[in-house]
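Before any comments, here is the structure.
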Amino acid sequence: QVQLVESGGGSVQPGGSLRLSCAVSGVTLDGYAIGWFRQVPGKRREGVSCISNSNVWTFYRDSVKGRFTISRDDAKKMFYLQMVNLKPEDTGVYYCNLEQSNKWGQGTQVTVTS
C-alpha cells in the first residue's frame, strides 16, 4: 500500500518561494519515476514536473520551467519541489505520486495572491 504525505504549501505573495515535500511509505522508492501534480481551480489535475529514478532525466511543464526544481532523496524516501518566483497561476492543490500509482494523498494547498 503506497502512502503519500505532502507538506510545505502555504499562502505567499507573487514572487515568493515555497518548498514542497513528499514523504513516501509502503514501497521502495529507488526504482520509480516520481512526479508532482496540481489541481488548478476550474481545471483537471495536471502534471507539473517529474524525475526518473537515479536522476537520469527531469521534465517540467512549460509554465514552470526555470522556476521550479524537482529533486529526490531515495534513502530518506522523500522528494521535493522547490518553487521560486511564484505566480498567481501557480495556485492550486499540489500532489505527489509515483509512476503507475493511482493512490493519491491529501495534497498541499499553494495560494499565490497579492
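In this chain, numbering begins with 1 at the start of the sequence shown. It should be emphasised that the depicted structure is a prediction, and the values quoted were computed from it without experimental measurement.
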- Does Y95 share a hydrophobic cluster with V48, counting links as ILVMFWY side-chain heavy atoms below 4.5 Å and allowing steps through other members? no
Could you give the distance from [atom1] ([X]) to [atom2] ([Y]), rounded to the nearest 0.5 Å?
| X | Y | atom1 | atom2 | value |
| --- | --- | --- | --- | --- |
| D73 | N55 | CG | CG | 9.5 Å |
| L29 | L98 | CG | CG | 6.0 Å |
| R61 | C50 | CZ | SG | 11.0 Å |
| S63 | R38 | OG | CZ | 4.5 Å |

Side-chain donor or acceptor of [X] paired with backbone N/O of [Y] under 3.5 Å:
| X | Y | answer |
| --- | --- | --- |
| S52 | W57 | yes |
| K77 | V27 | yes |
| Q39 | G92 | no |
| S101 | K103 | yes |

- Compute the ring centroids of F37 and W104, then answer whether they are less than 6.0 Å apart. yes
- Query: Does atom CD of Q106 have more than 12 heavy-atom neighbours from other groups under 6.0 Å away?
  - Reply: no
- Closest heavy-atom pair, M83 versus V110, reported as atoms and distance to 0.1 Å, is CE-CG2, 3.9 Å
- Indicate the atoms forming the closest heavy-atom contact of N85 with R67, along with that distance. O-NH1, 3.0 Å
- Task: Please say which of Y60, F68, F79, F59 ends up in a ring-ring contact (aromatic ring centres under 6.0 Å, His included) with W36.
- Result: F79
- Pick one: which of N53, N97, I70, V24 meets side-chain contact (heavy atoms from CB on, under 4.5 Å) with I34? I70
Would you give me the side-chain donor-acceptor pairs under 3.5 Å for residues 2-22, sequence neighbours excluded?
unit_1: Q3; atom_1: OE1; unit_2: S25; atom_2: OG; d: 3.2
unit_1: E6; atom_1: OE1; unit_2: G107; atom_2: N; d: 3.0
unit_1: E6; atom_1: OE2; unit_2: C96; atom_2: N; d: 3.0

